[in-house]
Amino acid sequence: MNKLISSIWIVYLFISTAFAELTTLEHSILQKRFDTYYANNNTKDSIAVRGITVGGWLVTEPYITPSLYNYATQLMSNRTHNATMYNVFNSSIIDEFTMCKALGYDTAKNLLEQHFEEWITETDFEQIAADGFNLVRIPVGYWAWKVNHTTNSYVDGITFEDPYVGEGLQLYYLNQAIGWAEKYGLNVWIDLHGAPGSQNGFDNSGQRNFYYDLGWLSDFATTNLTMAVWKNMFDSFLNSSDAIVGVEVMNEPLSSKIDIWNITQAYYNAFELFQEREDPSKNITFVIHDAFEGNGHWNLEFNPRYRNVSDQYSNTNNLNQTYYSSQQILVDHHHYEVFTDWQLANNQFNRIMDIINFGDSINEELPYHPAVVGEWSGAITDCATWLNGVGVGARYDGSYYNTTRYSTDDEPVGPCHSQYPIEQWNETYKRDVRQFIEAQLATYDTQTTGWIFWNWKTEDAYEWDYKQLKDAGLFPSPLTNFTYFGNDGKLLDSVSASLSSEAYPVTSTSESRSSTQSSSTTKKGKHSKNMAGSSMYKRNKIEDNKLISSNTLNWLTSITFIALSLITVFHIL
């Protein structure tokens, strides 16, 4: 009997070692990374930007307000009274461009005006301030500067043919929003979200174009119109309100489809116009998106100390050197973990490590220029309806590849559930989303100039909806009220416990989110809306694979110990 008890105790020790919570080594890895964030008196109270975006408002996006697009399709059906025509238009209204084209100017204007009036109101700005945010990012498209739709006239007398609604409609609501921001003590970041011809082919640019060449900067027409819009935007807003603290000259230009030299030259052209019109005492920031280049790419660009880099572009000699420094240009990085197969297959431990590595790489940029994470979310799947486009499925369950021309060799992660209301999510999934959000807050608060969450609200894209995440207890409220991280940034024991199965996964089911697959996607075509194609991300992926290999080896070793101990027990008996 004593031998039996001793043998059982040996087995217990091996089992408890093999299936322990997060190991001391792995907990210390995470803890060390977060400890450094709060060193040198760097506290969350010193963060410059804690922002929120009112996306899907003045530039509509189908996944944010699908009812708007469903109603537009129904209006088209009512107009045609023809089943064949209805089917054609049903599949063709995929963005704001095709909405306006299909409905015609007057119908589209009435529909959009009602949307602008109702989707975001003064109450939203009041609540944004009450929830502790200090900045609102407001996307607007170039078509807001359309002067006359019958003659296709834009500002500065430029003619450019497109079906968009404009004629001051969006600018009216933009100015109204700036007034609300002033009233509630909020800063405003104006974001030019859509360019003529589209700068990325995403529907958030106004015009979806997955497969073909993009129009922006491809000819004098799109270049000249962009310059005219910039001039008018700077004239109107640089010195109009103390609430305006930043102007982003272009959201997410896609350097895999538009040459990075052309994008950089456009940025320099915009900066020259900006300098000509700004009042230095206003301290308004010139903001550029990273164009999906790797973190660190812009350290030498827009930096007068590196003229051998900047002098390859025209107009740089015209820049006002008196008050031109690289610290005047803020770089906007966007980071999501759902637009590649390998990200979607990540377990929770590696997902959080991705965030830590991303924050570290941004922190290395700060001696060169300020940098924010201007878009991020609580999403750990791409299952939200129409997130990837009207009629396009999700990579998570493989339906993306059934609805596009793209292909992959990777297996789907599992069935989609996150598109359902949050109350239908299981507790494990809720926990993972809350941890993911907190990890980003803890990292971006301390490693960057600030952050802007995407998005304030949606109709039913719950992982992307701050209001619904907060109401469900998945987004900290107040913003520093962490569950899994202490106020000093230290990891709590609950993180160690909840990540144990992720560090040493036993199964690869979608419910446990413990798949160790992190192989790079073989998908071709559309560039991800993050840094997945950059050298920095490839480096992190290699590091993650090493970590996974080490974890797997440790787990297999433990299993071997268990097997040996069982053999020992049977031998003793």
Ring pair (Phe, Tyr, Trp, His ring centres under 6.0 Å) assessment of Phe475 paired with Phe453: CA-CA 11 Å; Phe475 201 109; Phe453 185 78; 5.1 Å; yes

Taking [X] for the side chain and [Y] for the main chain, is one N or O donor matched with an acceptor at less than 3.5 Å?
{"X": "Glu293", "Y": "Ser255", "result": "no"}
{"X": "Asp203", "Y": "Arg208", "result": "no"}
{"X": "Thr458", "Y": "Ile64", "result": "no"}

Are [X] and [Y] ion-paired here, with the side-chain N under 4.0 Å from a carboxylate O?
{"X": "Glu276", "Y": "Lys231", "value": "no"}
{"X": "Asp465", "Y": "Lys457", "value": "no"}
{"X": "Lys101", "Y": "Asp162", "value": "no"}
{"X": "Asp242", "Y": "Lys282", "value": "yes"}

Is there a donor in the side chain of [X] and an acceptor in the side chain of [Y], or the other way round, less than 3.5 Å apart?
{"X": "Thr98", "Y": "Asp95", "value": "yes"}
{"X": "Gln348", "Y": "Gln435", "value": "yes"}
{"X": "Thr381", "Y": "Glu463", "value": "yes"}
{"X": "Asp131", "Y": "Gln127", "value": "yes"}
{"X": "Arg137", "Y": "Asn251", "value": "yes"}
{"X": "Gln327", "Y": "His369", "value": "no"}
{"X": "Thr65", "Y": "Trp119", "value": "no"}
{"X": "Thr60", "Y": "Glu96", "value": "yes"}
{"X": "Ser241", "Y": "Glu182", "value": "yes"}

For the aromatic rings, using the six-membered ring if either is Trp, is the centroid distance between [X] and [Y] under 6.0 Å?
{"X": "Trp454", "Y": "His193", "result": "yes"}
{"X": "Phe125", "Y": "Tyr184", "result": "no"}
{"X": "Tyr172", "Y": "Phe116", "result": "no"}
{"X": "Trp298", "Y": "Tyr267", "result": "yes"}
{"X": "Trp456", "Y": "Tyr466", "result": "yes"}
{"X": "Tyr462", "Y": "Tyr420", "result": "no"}

Nearest 0.5 Å, what's the [atom1]-[atom2] distance between [X] and [Y]?
{"X": "Thr446", "Y": "Tyr444", "atom1": "OG1", "atom2": "OH", "result": "11.0 Å"}
{"X": "Met233", "Y": "Leu273", "atom1": "CE", "atom2": "CG", "result": "9.5 Å"}
{"X": "Asp332", "Y": "Ile452", "atom1": "CG", "atom2": "CD1", "result": "6.5 Å"}

Phe436, Trp451, Phe358 screened by ring-ring contact (aromatic ring centres under 6.0 Å, His included) with His335, the one that passes: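 Among Phe436, Trp451, Phe358, the one meeting ring-ring contact (aromatic ring centres under 6.0 Å, His included) with His335 is Phe358.
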
Among Tyr154, Tyr105, Tyr142, ring-ring contact (aromatic ring centres under 6.0 Å, His included) partner for Tyr164: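 Passing option: Tyr142.
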
Residues which pass disulfide bond (SG atoms under 2.5 Å apart) with Cys100, listed by chain and number, not counting sequence neighbours: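 Applying disulfide bond (SG atoms under 2.5 Å apart) to Cys100 gives none.
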
Parallel, tilted or perpendicular: ring planes of Tyr429 versus Trp425, cut at 30 and 60 degrees: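 Perpendicular.
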
Whether Phe274 and Phe234 hold their rings parallel, tilted or perpendicular, with breakpoints at 30° and 60°: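 It falls in the perpendicular class, over 60°.
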
Distance under 6.0 Å and angle within 45° of ring axis: Arg395 vs Tyr400: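 Yes.
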
Pairing residues for Phe237 by the ring-ring contact (aromatic ring centres under 6.0 Å, His included) criterion, not counting sequence neighbours: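 Scan of Phe237 (ring-ring contact (aromatic ring centres under 6.0 Å, His included), adjacent residues dropped) gives none.
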
Partner set under ring-ring contact (aromatic ring centres under 6.0 Å, His included) for Trp464, not counting sequence neighbours: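 Tyr63, Tyr336.
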
Verdict with reasoning, Asn232 to Asp156, per side chain to side chain donor-acceptor pair (under 3.5 Å): CA-CA 8 Å; Asn232 192 276; Asp156 279 8; 5.7 Å; no

